[in-house]
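Worksheet for the structure shown next.
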Amino acid sequence: MEMNGASYDAHPDVGGLIRRVWRESLEDRVLGRAAELSYYFLLALFPLLIVLTSVIGFFPGAREGLLSAVVRVAPQDAMKLVQGFLDDIVNHRSGGVLSLGLILSLWSASSGVASLMDALNAAYDARETRPFWKHRLIAIGLTVAMALLVMGGALLIIIGHRVGPWLERALQTSPLGALGLTVLGYVIGFLLLLAGIAMLYYFGPNIKRGTRPIKAGALFASIGTVFGSLLFSFYLRLVPGASATYGSLGAVVTLMIWLYLMGLMLLVGGEINSEMSGDA
C-alpha cells in the first residue's frame, strides 16, 4: 500500500507501521470480525475435537497429550468444558463416528476456517473470487493440516513424557536435563503453532501467493495467542470467575472470550502482513 504516493522502503518505520495497522484494523472492523469469528470458532471447536479424538483415540495416552497441549494456554474454566465434552465423546464412542459422522464433523469444523478466510480477505483488501467448492476445499485442507499439527504436538508430548524419565534413569541425567526437555516441548509446540498460522495466512486469503510477507504477522499472532492466553488465564485467577456473573454459562462465556482473543490476534496478524506488503 502507498501513502501519499510514496511506497514503503525495505525497513519501514515501526511507529508508522503500528499506526497504519491500527487505522486499517479500525477500517476493517477487526474487533467486530473477531467477535464473529469467536462464534464460528465455538461452533467449529467441538466438531474438530470429535475428529481429533476419533483419530488419536487409537494411540494410548494421546487424548491426555492433547489435553496437556491445550491446558498450557487455555483458561481453566474453558478447559473444564472441553474436557467434559471429550469425556462424553470417549464414553459414547461408536463406529459411526469414524464414518459419516467423522465427515460431517470435519465439514462443520472447516466452517470456522472458512469464516477466518473471509475475514483475512478483508484484512488484505481482497475480493473472494474463488468458487464455493474451491473455497471450502481449501478450508477443509487447512482444517486437516491444523488437526495434524495438533496431533503431532500431542504425540510429541506423549513421547517427551515417556522419554524424559527413561533418559533420567538410563543416563542418570540431572533434573536440569528434564527441565530442558520440558522447555524443548514448549518450543516445539510454539513452532507447530507458528507453522499452522503461517499456513492460514499463505493459503487462506484470495491473494497471489509469494507476493506478500506472512512471517511477521504469523510471528505476532503466535506470540499474541500464547501470551494473550496466559494473561487472560492470570486475569481470571485474580478476579471473580465468570460463573459468579453468568452461573452455569460461565464456562461457555470464558471459552468464547478466549476464542475472541485468538481471532483478534489472527486478524491483527493479517493486517500486519497486509501493511508490510507495501501494495495492499
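When a residue number appears, it is its place in the shown sequence, counting from 1. Just so it is clear, the structure is predicted and the values come from calculations on it, not from any experiment.
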Checklist outcome for this item: side-chain contact (heavy atoms from CB on, under 4.5 Å) filter on A44, not counting sequence neighbours, yields none

Tell me which donor-acceptor pairs under 3.5 Å the side chains of residues 28-37 have, and how far apart each pair is, sequence neighbours excluded?
| residue | atom | partner | partner atom | Å |
| --- | --- | --- | --- | --- |
| R33 | NE | D28 | O | 2.9 |

Checklist entry - What's the spacing between L192 CG and S222 OG if we round to 0.5 Å? => result 10.5 Å

Checklist entry - So do the side chains of E27 and R23 get within less than 4.5 Å of each other, counting heavy atoms only? => result yes

Checklist entry - Can you pull the salt bridge (charged side-chain N to carboxylate O under 4.0 Å, His left out) pairs that have at least one residue in residues 215-231, sequence neighbours excluded? => result none

Next on the checklist: Measuring from atom CD1 of I140 to atom OG of S110, what distance do you get when rounded to the nearest 0.5 angstrom?
Outcome noted: 4.5 Å

Checklist outcome for this item: Applying side-chain contact (heavy atoms from CB on, under 4.5 Å) to I223 and not counting sequence neighbours gives F190, L219, F227

Next on the checklist: Donor-acceptor check, side chain of Y201 to backbone of L266, threshold 3.5 angstrom: yes or no?
Outcome noted: yes

Checklist entry - Would you say Y260 has more than 12 foreign heavy atoms packed within less than 6.0 Å of its OH? => result yes

Checklist entry - For I197 and A218, which heavy atoms make the closest approach, and how far apart are they? => result CG2-CA, 3.9 Å

Checklist outcome for this item: Separation between CD (E271) and CH2 (W22), nearest 0.5 Å, reads 12.0 Å

Checklist outcome for this item: Sorted by chain and residue number, the side-chain contact (heavy atoms from CB on, under 4.5 Å) partners of F232 (sequence neighbours excluded) come out as P75, Y235, L236, T254, I257, W258, L261

Checklist entry - What distance separates S115 OG from F41 CZ, expressed to the nearest 0.5 Å? => result 5.5 Å

Checklist entry - How far apart are the closest heavy atoms of M199 and A145, and which atoms are they? => result CE-CB, 3.5 Å

Checklist outcome for this item: Shortest non-hydrogen pair, S274 vs A123, comes out as OG-O, 3.2 Å

Checklist entry - Taking atom CD of E275 and atom CG of N273, what is their separation to the nearest 0.5 Å? => result 10.5 Å

Checklist entry - Any side-chain heavy atom of S229 sitting closer than 4.5 Å to one from M262? => result yes

Checklist entry - Can you tell me if T143 uses its side chain to pair, donor with acceptor, with the backbone of A139 under 3.5 Å? => result yes

Item to check | All side-chain contact (heavy atoms from CB on, under 4.5 Å) counterparts of E128, not counting sequence neighbours | outcome: D118, N121, R130, H135, N206

Checklist entry - Partners of S111 by side-chain hydrogen bond (donor to acceptor under 3.5 Å, both in side chains), sequence neighbours excluded? => result R136

Next on the checklist: If I take atom CD1 from residue I18 and atom CD1 from residue I272, how far apart are they, to the nearest 0.5 angstrom?
Outcome noted: 8.5 Å

